[in-house]
Amino acid sequence: MKKLVFLFTILGIGIVFSQKKQEIKSPAEGKSLVYIIREKEAFLLNFRLYDKDKYLGAIGCNQYIVYECDPGEHLFWAVSENRSFVKADLKADKAYVLIIEVKAGVFIAHVKLVPLDPRSNNSKKYKRKFYRAIKNDIPIVYTKENVDVDKSVNIKQGLKRYEEIKDTKSVKQLSQDMYIENADKP
C-alpha cells in the first residue's frame, strides 16, 4: 500500500511539473493588448467580434483572440442572437482580458462579454478561465490579413444598437486599471 501511495505521489508531482507554463504576452511598446477568450459552451457556434467598426473575426469553442491595438477608448462587442458591449479605456503597455460567456437564448445562444477585473470578488474564477484558455489552446492573432470579410451591414446595425443602450447598465466597462500581469495568477 505504501508503495502505491509513493508511486501516485511521484506521478502527481511529475504531472504538475510537466505542465506547460503560459505567460501573458507583453504588447509592443506604446500599444495595448487585449485577450478575448471563450471556453467550451455552445461548441457549434462562432461569435463575431468587433472593435467599434473593425471586424476582429469569429471565435469558436476553446479559442481566444490576441488583439494588439492603440491605447485609449475602444468599444468591443460580440454578436450572436444578441449583442454584448464593453466600453474600454486601455493604457499603453498593458494587457487586458475579456471573457465570452454563453447563455441560453431563444433560438441560439446569447453572448456576454465580461471584462476581467483583477480587483473584483470573482476575479479568481475568471483568471482560472483565462489561464486555462491560454495554456491549452492556440490563439487567433488578429492581423488585417486574417480579416477580409466585409461586415459593414452588421457593423452599422451593431453600432446603432449601441447608441440605443450606451447609457444603461448592460454596457460593461473596462477601465485602465483593470490590466492583468503575470503576477496575477490565481
Side-chain angles (χ1 to χ4, degrees), residues 16 19-42 47-52 54 56-57 59 61-80 82-104 109-142 158-159 161-186:
V16 167
Q19 289 183 344
K20 167 174 77 166
K21 184 178 178 186
Q22 182 71 36
E23 296 293 322
I24 299 170
K25 293 181 182 181
S26 296
E29 190 173 331
K31 296 285 189 177
S32 298
L33 196 65
V34 180
Y35 286 88
I36 306 169
I37 68 161
R38 176 168 169 222
E39 287 197 309
K40 298 174 177 65
E41 303 91 356
F47 300 114
R48 296 182 309 275
L49 295 163
Y50 300 86
D51 178 4
K52 194 171 182 183
K54 184 187 297 182
L56 301 180
I59 188 168
C61 180
N62 285 332
Q63 292 183 322
Y64 68 99
I65 290 177
V66 180
Y67 175 55
E68 191 171 71
C69 56
D70 291 327
E73 292 187 8
H74 291 264
L75 177 64
F76 294 104
W77 52 291
V79 176
S80 179
N82 67 318
R83 292 178 183 87
S84 179
F85 299 92
V86 171
K87 190 174 175 184
D89 186 12
L90 307 178
K91 194 173 184 179
D93 306 317
K94 299 295 180 188
Y96 298 87
V97 178
L98 292 172
I99 296 171
I100 297 174
E101 289 187 342
V102 181
K103 306 291 182 191
H110 277 217
V111 62
K112 180 179 177 187
L113 280 178
V114 179
L116 190 156
D117 183 353
R119 305 160 301 168
S120 73
N121 292 338
N122 60 3
S123 69
K124 283 187 179 183
K125 171 181 122 178
Y126 289 120
K127 284 179 191 176
R128 276 193 300 275
K129 285 184 176 188
F130 169 65
Y131 282 104
R132 186 171 46 242
I134 67 171
K135 176 182 151 204
N136 296 327
D137 300 313
I138 299 170
I140 303 167
V141 178
Y142 171 80
L159 293 177
R161 176 67 180 142
Y162 172 72
E163 287 300 319
E164 294 169 1
I165 67 163
K166 69 181 178 183
D167 297 323
T168 67
K169 289 182 180 180
S170 62
V171 176
K172 304 294 180 209
Q173 303 292 318
L174 177 62
S175 61
Q176 286 189 353
D177 57 350
M178 292 168 66
Y179 60 86
I180 189 163
E181 300 179 295
N182 285 315
D184 287 337
K185 285 191 177 181

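Atoms considered below: every heavy atom in the structure, side chains included; atoms not considered: hydrogens, waters and symmetry mates. Throughout, numbering of the chain's residues begins at 1 and tracks the sequence. If you're wondering where the values come from, they're calculated on a predicted model, not measured in any experiment.
The minimum heavy-atom distance between Pro115 and Leu174, with the atom names listed, is CB-CD1, 3.7 Å. In this structure, Val102 and Arg38 approach most closely via the heavy-atom pair CG2-NE, 4.0 Å. When every heavy atom of Lys31 is checked against every heavy atom of Asp70, the shortest pair comes out as NZ-OD1, 2.5 Å. Here the closest non-hydrogen pair linking Leu113 and Ser84 is N-OG, 2.8 Å. Summarising the geometry of Tyr50 relative to Val79, their closest heavy-atom pair is CE1-CG2, 3.8 Å, with the distance given to 0.1 Å.
By the 4.5 Å heavy-atom criterion applied to side chains, Pro71 and Ser32 are counted as neighbours. With contacts defined as side-chain heavy-atom distances shorter than 4.5 Å, the pair Asp177/Arg119 qualifies.
Within the model, atoms OG of Ser170 and NZ of Lys112 stand 10.5 Å from one another, a figure rounded to the nearest 0.5 Å. Rounding to the nearest 0.5 Å gives a distance of 5.0 Å between CD1 of Ile180 and CG of Leu116. Considering NZ of Lys166 and CZ of Phe85, their distance stands at 11.5 Å, rounded to 0.5 Å. Here the CD1-CZ distance, from Ile65 to Phe76, works out to 10.5 Å after rounding to the nearest 0.5 Å.
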For the pair Lys172 and Val114, evaluate side chain to side chain contact (heavy atoms under 4.5 Å, CB included) and give the outcome as yes or no after the intermediate values. CA-CA 7 Å; Lys172 304 294 180 209; Val114 179; over 6 Å; no
For Glu101 and His110: C-alpha separation, side-chain torsions, deciding distance, then whether side chain to side chain contact (heavy atoms under 4.5 Å, CB included) applies. CA-CA 8 Å; Glu101 289 187 342; His110 277 217; over 6 Å; no
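In this structure a side-chain-to-backbone donor-acceptor pair under 3.5 Å is missing from Trp77 to Asp51.
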Just list the side-chain donor-acceptor pairs under 3.5 Å for residues 86-100, sequence neighbours left out, or say none.
residue	atom	partner	partner atom	Å
Asp89	OD1	Gln176	NE2	3.4
Asp93	OD1	Gly30	N	2.7
Tyr96	OH	Lys91	N	2.9
Tyr96	OH	Gln176	O	2.8

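Residue Glu164 places its CD atom among more than 12 non-hydrogen atoms of other residues, nucleotides or ligands, all under 6.0 Å distant.
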